[in-house]
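Worksheet for the structure shown next.
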Amino acid sequence: MKLLTAIIKPFKLEEVRSALTDLGLEGMTVTEVKGYGRQKGHTEIYRGAEYAVSFLPKIKIEIVVPSEQVDKAIDVVQTAARTGQIGDGKIFVSSIERTVRVRTGETDETAL
Amino acid sequence: MKLLTAIIKPFKLEEVRSALTDLGLEGMTVTEVKGYGRQKGHTEIYRGAEYAVSFLPKIKIEIVVPSEQVDKAIDVVQTAARTGQIGDGKIFVSSIERTVRVRTGETDETAL
Amino acid sequence: MKLLTAIIKPFKLEEVRSALTDLGLEGMTVTEVKGYGRQKGHTEIYRGAEYAVSFLPKIKIEIVVPSEQVDKAIDVVQTAARTGQIGDGKIFVSSIERTVRVRTGETDETAL
Amino acid sequence: MTSMKNNLNLGLAAFTVLAMASVPAFAQEAAAPTVAITAATTPNVDYIFNTVLFLIGGFLVMWMAAGFAMLEAGLVRSKNVAMQCTKNIALYSIAGLMFWAVGYNLMYPGDDGWIVADVVGKFLPVSLPDPASDTGNAYATGSDWFFQMVFCATTCSIVSGTLAERIKLWPFLIFCVVLTGIIYPIQGSWEWGAGWLDDMGFSDFAGSTLVHSTGGWAALAGALLLGARAGKYGPNGEIHPMPGSSMPLATLGTFILWLGWFGFNGASQLALGTLENASAVAKIFVNTNMAAAAGVIVAIILTQVIYGKVDLTMALNGALAGLVSITAEPLTPAVWQAVVIGAVGGVIVVFTVPLLDKMRIDDVVGAIPVHLIAGIWGTLIVAWTNSDANVVTQAIGVGAIGAFVFIASFVVWAFLKFTIGLRPTLEEETDGLDKAEIGIEAYPEFGTGSQRI
Amino acid sequence: MTSMKNNLNLGLAAFTVLAMASVPAFAQEAAAPTVAITAATTPNVDYIFNTVLFLIGGFLVMWMAAGFAMLEAGLVRSKNVAMQCTKNIALYSIAGLMFWAVGYNLMYPGDDGWIVADVVGKFLPVSLPDPASDTGNAYATGSDWFFQMVFCATTCSIVSGTLAERIKLWPFLIFCVVLTGIIYPIQGSWEWGAGWLDDMGFSDFAGSTLVHSTGGWAALAGALLLGARAGKYGPNGEIHPMPGSSMPLATLGTFILWLGWFGFNGASQLALGTLENASAVAKIFVNTNMAAAAGVIVAIILTQVIYGKVDLTMALNGALAGLVSITAEPLTPAVWQAVVIGAVGGVIVVFTVPLLDKMRIDDVVGAIPVHLIAGIWGTLIVAWTNSDANVVTQAIGVGAIGAFVFIASFVVWAFLKFTIGLRPTLEEETDGLDKAEIGIEAYPEFGTGSQRI
Amino acid sequence: MTSMKNNLNLGLAAFTVLAMASVPAFAQEAAAPTVAITAATTPNVDYIFNTVLFLIGGFLVMWMAAGFAMLEAGLVRSKNVAMQCTKNIALYSIAGLMFWAVGYNLMYPGDDGWIVADVVGKFLPVSLPDPASDTGNAYATGSDWFFQMVFCATTCSIVSGTLAERIKLWPFLIFCVVLTGIIYPIQGSWEWGAGWLDDMGFSDFAGSTLVHSTGGWAALAGALLLGARAGKYGPNGEIHPMPGSSMPLATLGTFILWLGWFGFNGASQLALGTLENASAVAKIFVNTNMAAAAGVIVAIILTQVIYGKVDLTMALNGALAGLVSITAEPLTPAVWQAVVIGAVGGVIVVFTVPLLDKMRIDDVVGAIPVHLIAGIWGTLIVAWTNSDANVVTQAIGVGAIGAFVFIASFVVWAFLKFTIGLRPTLEEETDGLDKAEIGIEAYPEFGTGSQRI
Ligand SMILES: Nc1ncnc2c1ncn2[C@@H]1O[C@H](COP(=O)(O)OP(=O)(O)O)[C@@H](O)[C@H]1O
Ligand SMILES: Nc1ncnc2c1ncn2[C@@H]1O[C@H](COP(=O)(O)OP(=O)(O)O)[C@@H](O)[C@H]1O
Ligand SMILES: Nc1ncnc2c1ncn2[C@@H]1O[C@H](COP(=O)(O)OP(=O)(O)O)[C@@H](O)[C@H]1O
C-alpha cells in the first residue's frame, strides 16, 4: 500500500474529496497546516509596523491506497487541486508496510 | 525503526497514551485531524438549511518504535482505541530510516 | 528523495525556517502538534483541583529533500532547533518514492 | 413618537398647568387622581425629567451600536470579523457626523423650515444653544439631538449585517453617508418631522417603519445588487450554510440590543415629567420586554418542532423580531397583546429566513426578516390596539416609505456598483475581507480561522 | 426590601407630608436638615423618581441576564457553549412570561388576595392600568412589575450554571417554568409579599435568601439528581478539572453582573423621591461596590497563598460572592463593615468550591458557593448591622425558604428525571450538547473545539 | 470639574434661590427664560437630581473598567489574556479599597483639612453619614464618593494596558495600590480638591490631565523601566508586531468605553437640578460623542491613505483619543469645535503609535498616545473655547502634574524593580503569563493559542 500525502489549497478540499470518492477511495485524513514554498507569504501592517506572514494556510490530505491505485489517485488529486497558480501544492508518495483496522483487526488492503 | 500512525477517536487518547506508556514507549506526537471514511459524517441544519458535515474530529498519534516492538505496540493501540463502533480508526506502519535527538545528536534507537 | 520530519519547540520555528532557507531548501509544511516524551508535562490547579497537562505544544516540520541533501538538512535543523534542554525534539527520516507538483505535473526532484 | 412640534406644545402645557399646580392647595387636590394627572411638575423639573429621559434613552440606544457589532461579529465567519467590527464602529461615527451636518434639520425643519412643504426639510448643520438660554423646548436641545441621532445610527447598523462578508469597506461607508445624511432624514421628516404622513394620521411610535423597515429596505436593495456570497448557493439551488464564528458573541449582541431597546421604545414617549408619562414609559418597558420574550420562545419551539433541534441563531433573531414588532406601538397594547404581537415576530423569523434563501437573497444575519418584515407587521398591527390608527393609513405609510427608501437606496447602490464597484475579487472574498482590506485577522491565533475542514 | 404594602404607605406618606412641604415657608425650613428630610417632593415628582428608580434598576438587573450568559459561556467547554447561551436567553424569556401569567400576583397578593393567608397568594395574570389613572401607588405599576420580574429571572439564571454541560434543554426549561411561576413567587410572598416571614421580622433587603439562596437550593437539588459530568470524578476520588473555554467571556460576565448589582441592591430601596431615600441609594451603591472589591482581593490573595498561583475563576466568583453577601443588607453597614462582609464571601468561595468537588457535587460555575452559601452568610450577618433583625429570625427565614425551595425543586427534578429524563446519552454528552441538541458549534472554526489534546 | 467646595456653594445657592422659586408667582415668571434659569428646583429635588447624576454617571464609568478589560484582552496575545483579565478586575477592586481607605480625603480635604496647604490633603478613611442626616451638600455623600472613586479606577486601568504581557502580577498590583491611594489623589487635590492649580485657574473639566495623562505618565514610567516584550524589537531596529488575539473583544471594549464616557464627561457637570445644568449635561453628551466619531473617521481615513489598508486597532484608538481630547472641556466647544478637537486626537494616534515603536517604547494597547498625548492636547486646547482658561496656566498644570506623576511613579517602579522585580523569566514570558502566574489558559481549547505558525 502507498500513502499519498497531498498539500493543497484549502478551498480545493471539497473538490478533491469528492473526486477521490468518485474513484472509490472512501477514506482519508485531513489536517490544517501552514505551508512555505515558492509561493511567498505577504507582508502586513499592524499599528504602523510591517511584518511578514511567511506561512500560508494549506490543507494536508493523507490517504492510504492499494499500490495499484496510486497512479489514478495522483491523477485525480492533481486535476482536482489544480488552479494553475503558484502554491497549488505537492503530492508525496511513500510506502506503508502494514495497515490495521482498529475496530475489526482486519489488516492491509482489507483494512482500507 | 518503524513509524506507527494511529488515527483514533478523540476521547480514546488518554487510554491509548497510558497503554503505550505501560509498554515503556515514552514518546509520541499527537495531532488534531479530521477524518473521513466508512463512518459518514452527519447533516446539520443552520437557519433552516441543511448541510453535511463530512469530516469528523479524530486524533492522529505518531510514534516511532524500534522494529521489534511494532507488534506489541499495534496490539496495545488496537485494544486501547477499540470501541467496536464504526469509526474506530486505523493504524498504519511505515519505516523510518534515521532518527536524531536534537538535544544530544544521538541517533536511531538511542534517540527514541 | 527523503522526508525529514522534525519535532521542535515552537519558538524555534523561525530560526529553523531561515536556516533551511539559507541552505536553499525553499519549501516546507508545518503543523501545530502536541508532544509527549522525556520532557514531562506539568500539573496545574483549576478551582482547587490538580490536573496534569501531559502534552506540550510542539511544531512539526515536514520537508522533502533530495537524498544527497539529507545530511546537511539534518545538521542545519539540529543546530537551529537546539537549546540543550530536554524537549528539544527529534528528527525522523523516511523515504519518499514520488513527488508531484500539482500546478505543473513536474515530478520528483524537479517538483521540490 | 409624536413630532417635535407636538412635544414643544406638551412642554408649554406644563407651564400653563403649573399656575394651578404649585399653589399650596395643590397637595390635597393631588390626592384626587384626575388632578394629580394633569398636574405637571414645575417647568424646570419637567424639563429636567424630559432631558434625563432623552439622555438615558440615548445612551441605551447608542449601546445598541455595540450590540449590532457583536451580533454581526458572531454571525460572520472569522475571516470577516475584523471587517465587520470596522464597519460597525465607522457607521456609528458617520451617523453622528452626518446627522449633525445635515440630517437633523432635514428631518426636523420645524413649522416653516421646509424646502418642499411636509416632504423635504432644510439643509443646515446643527448648533446647540447656550445652556443658559436653552428654553425653547420642554427639554434640552442637545438631549433631543442625541436621542434622534442614535436612531439614525441604528438604521444604518441594520444594513451592515445583511451585506456582510462580500461588500468592500469604502462603498459601504459611502452608502452610510447618504443613508444617514439624506435618505433616513427625509423619510423620517414625513412622520416624526410632522410632515405629510404625520398629517395623514400615520402612526409609528418608535420606528418599526421609520427605523427598522428603512434599514431593511436599504439592505434589501443592496443585497439584490450585490448578490450572494461566493459559494452560498449551488447551481442546482443547493443552499450552503456558512455558520457564524461565535455564538456567544451573537448572544451577547442580542442581549445588548434587548437592553438598548428599553431606551429605544421607552424614551420615545418623549416626556417623563408627569405621572402619566412616567407610567407610560413603565408600561412601554413591560410591553417591550414581553414581545421580545415571546419572540424567543416561539422561535425555540418552532425550530424544535420543524427541524428537531433548537436553532440558537433563530432564537436570537426571534428576540429581535419581537422587539421590532412592538416598536411601532409599545404603549397601547395590553400585556397579552404585546405577547401576541411579539410572538408573531418569532413566527416571521422562522419562516422567512429560509424563504429568503430559497429566493437566493443572501442575508447574512437575518436583518431583512427581523427588521423589514417584522417592521411591516408591527406597523400594520398598530391599528389593533391604537384606535387613532387605521390599517389603511398604516399601509400607505409602509408603502410610501418603503418605495422611497428602496428606490433611493437602489440608485445609490447601483451608482456605487458601476463606479467604484461593490465587491472584492473572488480571491479576496475567499481569503476573507480581513486580510484583503483590514490587514489583520480577527483571531490570528485560533486555528487557521479562515476556513474549516 | 420592604413589602409592596409598606411601599404603598410610603407613597401615601409623601402625599400627606406634602401639605406642609410646598407652602412658601418651605424653602427656609428646608435649610434645617430635620425638615429637609421629612419634606417630600411633590407627589408627582416623588412618583416619577420612584418609577425612574425601578426602571433604571430594572434594566440594570435585566442586563445581569447577559452577565450570567457570558459567565457561563466562558466557564463551560466550547462544545456546550451554544447550549448555554440558548438556556440563558430562553430562561430570561420564560421568567418574563411566567411572572406575568402567574408569578407576580402569587408573590404580591396584597392584603386580602391570599389563597392561604400569608403563605400562598392568588393565581391571576398581570394587567397594567391605563397610565392616565395609574395612581394606586407611589410609583408606576409597570415599573414595579418590571423590577420584580428581573429578580425572578435572576433566580432562574443561577440554576443554569450549576447544571451546565449535562442537562438536556427541555427538562431544564420546564423546570424554569415551575421555578419562575410557582416556587420563586411563593417563597417570595412570605417576605416581600408581606407574608408570614415579613410579619415575623425576617429581613432580606434585596434577596440574599429570596433570590440567591433560592436559586442555589434549586441548583443543588438538580445537581444531586442529575449527577456529575461524565469523567469529572474518577473511581478513586480523583477530580478531573474541565477548564472553561473562555476566560475573557467569564470576566466580562462578572463585570456585567457587578454593574447590574447596583440596580439590584440600589433600586431595592424602592423609593428615590426624598433626600433620605436618595442618600440611601447612594450608600447602597458604595457598600455594594466595596463588598465585591473585598471578595475579589481576598480570593486573589488566598488562591496565591494556598495554590501558589492566582485562580482567575475564583477571583470572579469572589466578586460575586461579595455581592451576594451584601445583598441581604446593603444599607445599614458602615463601609468598613461592607468590606468585611464581602471579604468573608471571598473566603467562602475559595474554601467551598473544592469542598463541593470532594463531595462529588459537580457545580460547573460555582453557583452554589457564590449564591447559596454566601447568600446564607449574608442573610445571617444582617443582625450585625441592622438592629431590627435578629439572627434567630434570620436563621428561621433561611431554613424555611431553604427547606421549601429544596424540597419543591427536588420533587420537580425527580418528576422530570423519571418521565422525560434529565440527561443526554453518554455519547451526546461526550460530543457536546451543541451538536446533540442545538446543531451548531459555538465556535465552528476554532480548532476542533470540542476537545483538547 | 469645579472643586467639591464650589459644588457645595452651588448646592446652597439652590436653597437661597428657592425662597423666590416656590412661591405661587413662580409659574408665570418661569415662562421668562432669565428667571427660569436661575429658578432652581426645590432643594430636595435638586439634591435628588444631583445624586442621580452621580450614580448614573458613576455606574457608567464603573462599566469602563469592563471596557478596559475587554480592550486589553483583545489586544494581547492569547497566552496573556487570563492575566490581563485578572489585572483589570483586581485593579478596579484595589482602587475602590484604597480610595476609601486613603484616597478620597487626601484628594478632597475640604477647606481646612490640608496637611500641606493646597498641596497634600489629609489621611483619613471615608465614612458615610446616616442618610437621614446627609444634608451637608447638595448631593448624597455616597454618590459623590462613588463617582470620584471610579475616576481613580480609570486612571489605574490605563496603566495595565501599556505594560501588558511582560509584567508580573504582584508588582503591578502593588503599584496600583500606591497609584490609587497616594499618587492620583495628591495630584487630583491640586485641581479638583481646590488646591493650588485650581486657585491658579487651571481648568480640566473631566480629567484629560488629572485622569488620562496621569495614567499615561504612570504607564510611561513603567514602560521605560520594564523594557519591551521579548522579541518585540530586533537588534537592527526591526519592529516585530504582535497582533492581538481578538479584534471583536477589542471592539467591544472600545464601545463600552465610549458608552461609559457619557457618564465620565456628562456627570462631571456635577449638578443636574437646574434647567441650565440639564442642558449643559446634554450638550456634553453631544460634544463627547462627536469628538469620538471624528477620531474614528480620521484614523480610518489616515490609515487607508498611509498604509493602503484600514487598521481597526487604530480606529479603536482613534475613538478613545477623540474622547480623551474632549474630556478637558466638553461643555464650551460648539459642536464643530468638538469635531475638530476629536479629529486631532485621531491624528495623534495614527502618528504617535509608530513613533513610540521607533523609540522602542513598547505600549501594547496604545495607551500612551491615547491617554497621555491626546490628554495633553485636550488640556491645552481648552483655552480655545473656554475664555476662563489660558494656555499658559494649562501648560503649567500639564507640566506640574506630569512631572509629579512621572517622577513619583518612576520611583515606585524602580523600587519594585530592584526589590521583588518586575519581569517574569524569559521562559515564563515566552510561555505566557497565564501559564506562569495564573495557571489556566484563557482559551484552553482553541488551537495551541500561545503562538502562531
Ligand atoms: N520540499 C517540500 N517539503 C514539504 N512541503 C513542501 C515542499 N515544497 C512545498 N511544500 C508544500 O507545498 C506548498 C506549495 O508549494 P509552493 O512551492 O509554494 O508552490 P508550488 O507547489 O506551486 O510550487 C507549500 O506551501 C508547502 O506547504
Ligand atoms: N484510506 C485511508 N487513508 C487515510 N486515513 C483513513 C483511511 N481510511 C480511514 N482513514 C481514517 O480512519 C478513520 C476511521 O475510518 P472509518 O472507515 O470511518 O472507520 P473504520 O476504521 O472503523 O472502518 C477515518 O475517519 C479516517 O480519518
Ligand atoms: N518515539 C517518538 N515518536 C514520535 N514522537 C516522539 C517520540 N519521542 C519523542 N517524540 C516527540 O519529540 C518531543 C521531544 O521529545 P522528549 O523526549 O520530550 O525530549 P528529547 O527529544 O529532548 O529527549 C516529544 O514532545 C514528542 O513530540
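Letters A, B, ... mirror the listed sequences (proteins, then strands); counts begin at 1.
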From CH2 (D:W100) to CH2 (F:W336), nearest 0.5 Å: 9.0 Å

Quick check for you: to the nearest 0.5 Å, what is the distance between F:L272 atom CG and D:T51 atom OG1? 8.0 Å

Identify which part of [X] has an atom lying under 4.5 Å from any heavy atom of chain D, answering side chain, backbone, both or neither.
X: F:A334; answer: neither
X: F:I56; answer: side chain
X: F:L60; answer: side chain
X: F:V339; answer: side chain
X: F:T254; answer: side chain
X: F:W261; answer: neither

Which atoms of [X] come close to chain F, meaning under 4.5 Å heavy atom to heavy atom: side chain ones, backbone ones, both, or neither?
X: D:I438; value: both
X: D:A65; value: both
X: D:L97; value: both
X: D:A69; value: side chain

Closer than 3.5 angstrom, by distance alone: can the side chain of F:K283 be matched with the main-chain N or O of D:P129 as a donor-acceptor pair?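 No, the answer is negative, given that no donor and acceptor are paired below the 3.5 Å cut-off.
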
Would you check if [X] and [Y] make a side-chain contact, meaning some heavy-atom pair closer than 4.5 Å?
X: D:P131; Y: F:L331; answer: yes
X: F:L252; Y: D:L252; answer: yes
X: D:L55; Y: F:F262; answer: no
X: F:I297; Y: D:I94; answer: yes
X: D:Y443; Y: F:S78; answer: no
X: F:N289; Y: D:F59; answer: no

Taking every non-hydrogen atom, the tightest pair across [X] and [Y]:
X: D:E441; Y: F:M247; value: O-CG, 3.8 Å
X: F:V310; Y: D:L169; value: CG2-CD2, 3.5 Å
X: F:P243; Y: D:P444; value: CB-CG, 4.1 Å
X: D:G96; Y: F:M290; value: O-CE, 3.4 Å
X: F:K309; Y: D:A436; value: CE-O, 3.3 Å

Leading residue by heavy atom contact count with chain F [cutoff under 4.5 Å; candidates D:A73, D:A140, D:S93]: D:S93

Using side chain to side chain donor-acceptor pair (under 3.5 Å) as the criterion, list what pairs up with F:N386, not counting sequence neighbours.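 For F:N386 the side chain to side chain donor-acceptor pair (under 3.5 Å) partners, ignoring immediate neighbours, are F:E329.
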
Applying a heavy-atom distance below 4.5 Å, give me the residues of residues 83-91 of chain D that approach chain F, sorted by number. D:C85, D:T86, D:N88, D:I89, D:A90

Heaviest contributor of heavy-atom pairs below 4.5 Å to chain D, chosen from F:S246, F:A293, F:A250, is F:A293

Aromatic ring centroids of F:F285 and D:F146 under 6.0 Å?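 Yes, ring centres under 6.0 Å apart.
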
